[in-house]
Protein chains: 2
Amino acid sequence: MNHLNKPTLTSKECDLAREPVFRKLPKESIDALRRICRVRTYRAGQTVIADQDEPGFTGCIAEGILRMQKTLPDGRQHIVGLLVAHDMFGRVLHRRSNFDIEAATDARLCCFDRRALEDLLSRDPALERLFLVNVLDELDAAREWIILLGCRRVSERLAAFLLILCRRSADAERVVSGSNDRIRVHVPIGRADLANYLGTRAETISRAVHALADEGIIAILDPHTFDILDLPGLIARAGNGDFGLNRP
Amino acid sequence: MNHLNKPTLTSKECDLAREPVFRKLPKESIDALRRICRVRTYRAGQTVIADQDEPGFTGCIAEGILRMQKTLPDGRQHIVGLLVAHDMFGRVLHRRSNFDIEAATDARLCCFDRRALEDLLSRDPALERLFLVNVLDELDAAREWIILLGCRRVSERLAAFLLILCRRSADAERVVSGSNDRIRVHVPIGRADLANYLGTRAETISRAVHALADEGIIAILDPHTFDILDLPGLIARAGNGDFGLNRP
DNA sequence: CGGCGATCTTGACCGCGGTCATTGCATTCC
DNA sequence: GGAATGCAATGACCGCGGTCAAGATCGCCG
């Protein structure tokens, strides 16, 4: 059983002031946001925003994981982004979505009405600045990912992905075992999603994972749980890129 | 001879009001911009902004082509973006550049002092909004590119790239030949750069180009000049993606 | 004019990774 | 308990595209 695939949805509402993205905002901005905030919950597999839709809201994730993906006419799929708790999703100032946004796990979302948020943005420079900086960071991350897909082999991409998971403290925890401490990471998605994210196939992911295990870089506890045994080795495998540093 | 590799640098200054990006701005915003604008010229191959630099300016391109690229520790390179005339380059609100920005051809740039521009942004909501929308479009384009690299084969990527060139009217012109009209496109960069952009190698680019020619989809006039003979065929090859629609 | 260097092209080879098929191992449902 | 379902793992095969090497083409410059 993978607890990350079945988050327990608590009944407490969004606490926007506690979201890292909004923390730096002045109190009145947060209050204004809170006034246009509605909670929505989705079950794994449900579509939040469909490709080419004109959604009425954007928001941020309180709990769960969303995947942004595109399905090509011939059926091939690609995930352009995984969004975890505290990430923003959707698109202000833009009519149509260019991707499907689906719940990869059960999810609870704090949603802002699009119109109301755009009004707010126009009247609140601090908020608009926050969004600008946020989008700039996303752009950087997207370009890092372009490099990942453009000139790295699958094993390197997998290593980079695991490093990103390591850096997200919510997904990683230090585990003391014997004399040396390991980093435990939970992979919150299945092999197929992971393959679509890394631009390859589930079989290749499987082989790459076990290759890392054979080299002693990771240990496989179960298909969704690994221990990082050799962090420097993993970093070397990833090609020393500084992944995820933009998204602390 | 490839005239696009050696643009003649005219002596006239930037006419910001005529740049499509700025056209919608109120006159006073444009005037303010013009006041902090300096022209810089670069020769092909020169570095405009180095990876990890903290550049003192950003700007937009009056003439020429810039490439944003990253060189990995092991020497592999990847181009994350080609910037042509009227595109913005560089990064407001961010200390360090994550990429090299180099002149792929001789280039003339309208540059804004970074500090002055950031001051301006804080005081001019219309300008800040323009930047936000601009960055959102770049993010969309980057994600399209992620899909291109993540789940399309080289011949499809090449086809998509040619379609983007077609849609940039400056690079494409209709040519009447006999009864049917062709679209002529100039490829402003060499095979090696193109390979780094499309995530492959120069040899593979060469083969893919000639494969398209063998199928009668394009005609090769010289290594930098093609005629599109079968636009629907090219679109089908590219997988019906709507490339470049974000950047009209 | 002739040699030289850069770029593009083409061929031969082969390895990474895509594809297909099979197996194993859970969990769920009858 | 046994059948059914879903995901992961593994093996066999092979094709796309990376790599290396050798021509081809063109512009440049002595």
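Letters A, B, ... mirror the listed sequences (proteins, then strands); counts begin at 1. These numbers come from the heavy atoms of this one structure, side chains and all, not from hydrogens, waters or symmetry mates.
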Distance, rounded to the nearest Å, where [X] contributes [atom1] and [N] contributes [atom2]:
X: B:Arg152; N: C:dG17; atom1: CZ; atom2: P; answer: 21 Å
X: A:Arg157; N: C:dG18; atom1: CZ; atom2: C1'; answer: 13 Å
X: A:Leu198; N: C:dG18; atom1: CG; atom2: P; answer: 11 Å
X: B:Asp74; N: D:dT19; atom1: CG; atom2: P; answer: 11 Å
X: B:Asp193; N: C:dT7; atom1: CG; atom2: C1'; answer: 12 Å

Legend entry - Partners passing ring pair (Phe, Tyr, Trp, His ring centres under 6.0 Å) against A:Phe99 (at least two apart in sequence or in another chain):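 Once residues adjacent in sequence are excluded, A:Phe99 has no partner under the ring pair (Phe, Tyr, Trp, His ring centres under 6.0 Å) criterion.
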[X] with [Y]: basic N within carboxylate O range, under 4.0 Å:
X: B:Asp140; Y: A:Arg91; value: yes
X: A:Glu138; Y: A:Arg143; value: no
X: A:Arg96; Y: A:Asp53; value: no

Legend entry - Closest non-hydrogen atom pair, B:Arg152 against A:Arg76: CA-NH1, 3.9 Å
Legend entry - Reference residue B:Gln77; test side chain to side chain donor-acceptor pair (under 3.5 Å); the match among B:Asp100, B:Thr71, B:Asp193: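 Testing B:Gln77 for a side chain to side chain donor-acceptor pair (under 3.5 Å) against B:Asp100, B:Thr71, B:Asp193 leaves exactly one candidate, B:Thr71.
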Legend entry - salt bridge (Lys or Arg N to Asp or Glu O under 4.0 Å) evaluation trace for A:Glu203 with A:Arg191: CA-CA 8 Å; A:Glu203 296 92 328; A:Arg191 296 286 185 267; over 6 Å; no
Legend entry - B/S/- contact track for nucleotides 6-16 of chain D, protein heavy atom under 4.0 Å: --SBBBB---S
Inset, instruction - Quantify the bending of the helix from C:dT9-D:dA22 to C:dC30-D:dG1 as the angle between its end axes, each fitted on five pairs, to 10°. - result: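 Terminal axis comparison yields 30°.
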Legend entry - Centroid-centroid distance, B:Phe161 to B:Trp145, less than 6.0 Å: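 B:Phe161 vs B:Trp145: aromatic centres not under 6.0 Å.
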